[in-house]
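To keep things clear, I will list the structure first and then write my remarks on it.
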Amino acid sequence: STDTDCSAAVSDSECRNSTCLCVTGFYAAAMNTTCTKRKIGDNNCFTNEDCSQAVSNSNCTNSTCACNSGYHSTNADTECTENKIADSCTVSTDCSDSVLHSNCTDHKCACDSGYQASADGTLCTLRKIGDETCDLNTDCSDAVANSECRSGVCQCLSGFYENEANTTCTKSKCISSIRKNRYSSKK
């Protein structure tokens, strides 16, 4: 037997040790007369390659093809798609393995406190003063010390002022500039 003999008789097969076997990513079906492409949930794999050759971003866990952490099955279990914010999850790594600074809250991927989701849900970015996406004070204060959420907007606490990058809230500008001038005027 040769690869040509095998593949001519059964698609997606090859000759190994004079025996026709399905190529990696496929398994023998219909009483060994066809080779069927593996999909997520199939419980007949032996190696990670058995699954990953058929479905990108998958592995073989306990003889069953599964999506890698941070991915979920789509398209009738023939694809593994990267998780995004708002996708369903079971454990935090379902989210954090695909979106940095995220976790699983109430079975949905969410950004960590102090972070906000990008429009497409693929990124969690650190909040800044002026961001208009907060609900809780901690949405802001976990990102910028001495800040709070007022009317859905991250703002510095009373008596504190944001820097030019909107990433810190510091005490009155007036006091710090008086100190600078006092020291710089000495000769």
Side-chain angles (χ1 to χ4, degrees), residues 1-128 131-136 138-140 142-143 154:
S1 269
T2 67
D3 280 350
T4 307
D5 294 336
C6 292
S7 61
V10 178
S11 292
D12 301 306
S13 68
E14 64 187 2
C15 182
R16 276 187 258 148
N17 300 326
S18 300
T19 305
C20 290
L21 297 171
C22 295
V23 296
T24 305
F26 290 75
Y27 65 92
M31 296 179 61
N32 293 335
T33 59
T34 65
C35 289
T36 302
K37 192 173 185 180
R38 285 190 167 87
K39 59 185 185 186
I40 299 306
D42 283 349
N43 59 358
N44 54 8
C45 60
F46 301 99
T47 67
N48 286 333
E49 290 72 30
D50 287 343
C51 302
S52 64
Q53 289 294 317
V55 180
S56 293
N57 302 303
S58 69
N59 64 77
C60 181
T61 303
N62 299 324
S63 301
T64 302
C65 288
C67 290
N68 292 341
S69 182
Y71 291 79
H72 64 277
S73 66
T74 55
N75 200 15
D77 295 330
T78 61
E79 295 177 3
C80 287
T81 304
E82 199 165 20
N83 289 332
K84 298 188 285 192
I85 298 304
D87 282 348
S88 61
C89 56
T90 308
V91 294
S92 280
T93 52
D94 290 343
C95 308
S96 61
D97 283 352
S98 60
V99 181
L100 197 62
H101 307 296
S102 68
N103 64 76
C104 184
T105 303
D106 298 327
H107 302 285
K108 294 274 183 204
C109 290
C111 290
D112 292 340
S113 183
Y115 290 82
Q116 62 185 345
S118 59
D120 64 2
T122 60
L123 296 170
C124 287
T125 57
L126 195 63
R127 291 178 191 273
K128 294 180 177 184
D131 285 344
E132 299 178 1
T133 59
C134 62
D135 294 312
L136 307 169
T138 52
D139 290 342
C140 304
D142 285 352
C154 287

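As the structure is a prediction and not an experimental result, all values here were calculated from the model. Along the sequence shown, the residues carry numbers beginning at 1.
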Keeping the roles fixed (side chain from [X], backbone from [Y]), state whether a donor-acceptor pair exists under 3.5 Å.
X: R38; Y: Q53; result: no
X: S58; Y: C51; result: yes
X: S98; Y: N83; result: yes
X: T61; Y: T64; result: no
X: D77; Y: S73; result: no
X: D131; Y: T133; result: no

Atom pair [atom1]/[atom2] of [X] and [Y] - distance to nearest 0.5 Å:
X: N43; Y: N62; atom1: CG; atom2: CG; value: 11.0 Å
X: S11; Y: K37; atom1: OG; atom2: NZ; value: 13.5 Å
X: Y27; Y: C35; atom1: OH; atom2: SG; value: 10.5 Å

Please evaluate residues I40 and C80 with respect to the criterion side chain to side chain contact (heavy atoms under 4.5 Å, CB included), reporting the C-alpha separation (whole Å), side-chain torsions for both, the decisive distance (0.1 Å), and the verdict. CA-CA 8 Å; I40 299 306; C80 287; 3.5 Å; yes
Knowing that exactly one of N48, N59, N57 qualifies, which makes a side chain to side chain donor-acceptor pair (under 3.5 Å) with N68?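 Between N68 and the candidates, side chain to side chain donor-acceptor pair (under 3.5 Å) is satisfied uniquely by N59.
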Under the side-chain hydrogen bond (donor to acceptor under 3.5 Å, both in side chains) rule, collect the residues that match up with [X], sequence neighbours excluded.
X: S56; answer: none
X: D12; answer: none
X: E79; answer: N75
X: S69; answer: D97

Give me the atom names and distance for the closest heavy-atom approach of [X] to [Y].
X: S118; Y: D120; answer: OG-OD1, 2.7 Å
X: D112; Y: N103; answer: OD1-ND2, 2.7 Å
X: C22; Y: A28; answer: SG-N, 3.4 Å
X: C134; Y: C154; answer: SG-N, 3.7 Å
X: C65; Y: K39; answer: CB-O, 3.4 Å
X: G25; Y: A54; answer: O-CB, 3.2 Å

Residues 85-92, side-chain donor-acceptor partners within the protein, below 3.5 Å, at least two apart:
from	atom 1	to	atom 2	distance (Å)
D87	OD2	K84	N	2.8
S92	OG	C104	N	3.2

Results of ring-ring contact (aromatic ring centres under 6.0 Å, His included) for Y115 - residues two or more places apart only: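 Counting only residues at least two positions away or on another chain, Y115 forms a ring-ring contact (aromatic ring centres under 6.0 Å, His included) with H101.
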Given C20 and C6, is the disulfide (SG to SG under 2.5 Å) satisfied, shown in steps? CA-CA 5 Å; C20 290; C6 292; 2.1 Å; yes
Heavy-atom side-chain proximity of D50 to T24 below 4.5 angstrom: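 A side-chain contact under 4.5 Å exists here.
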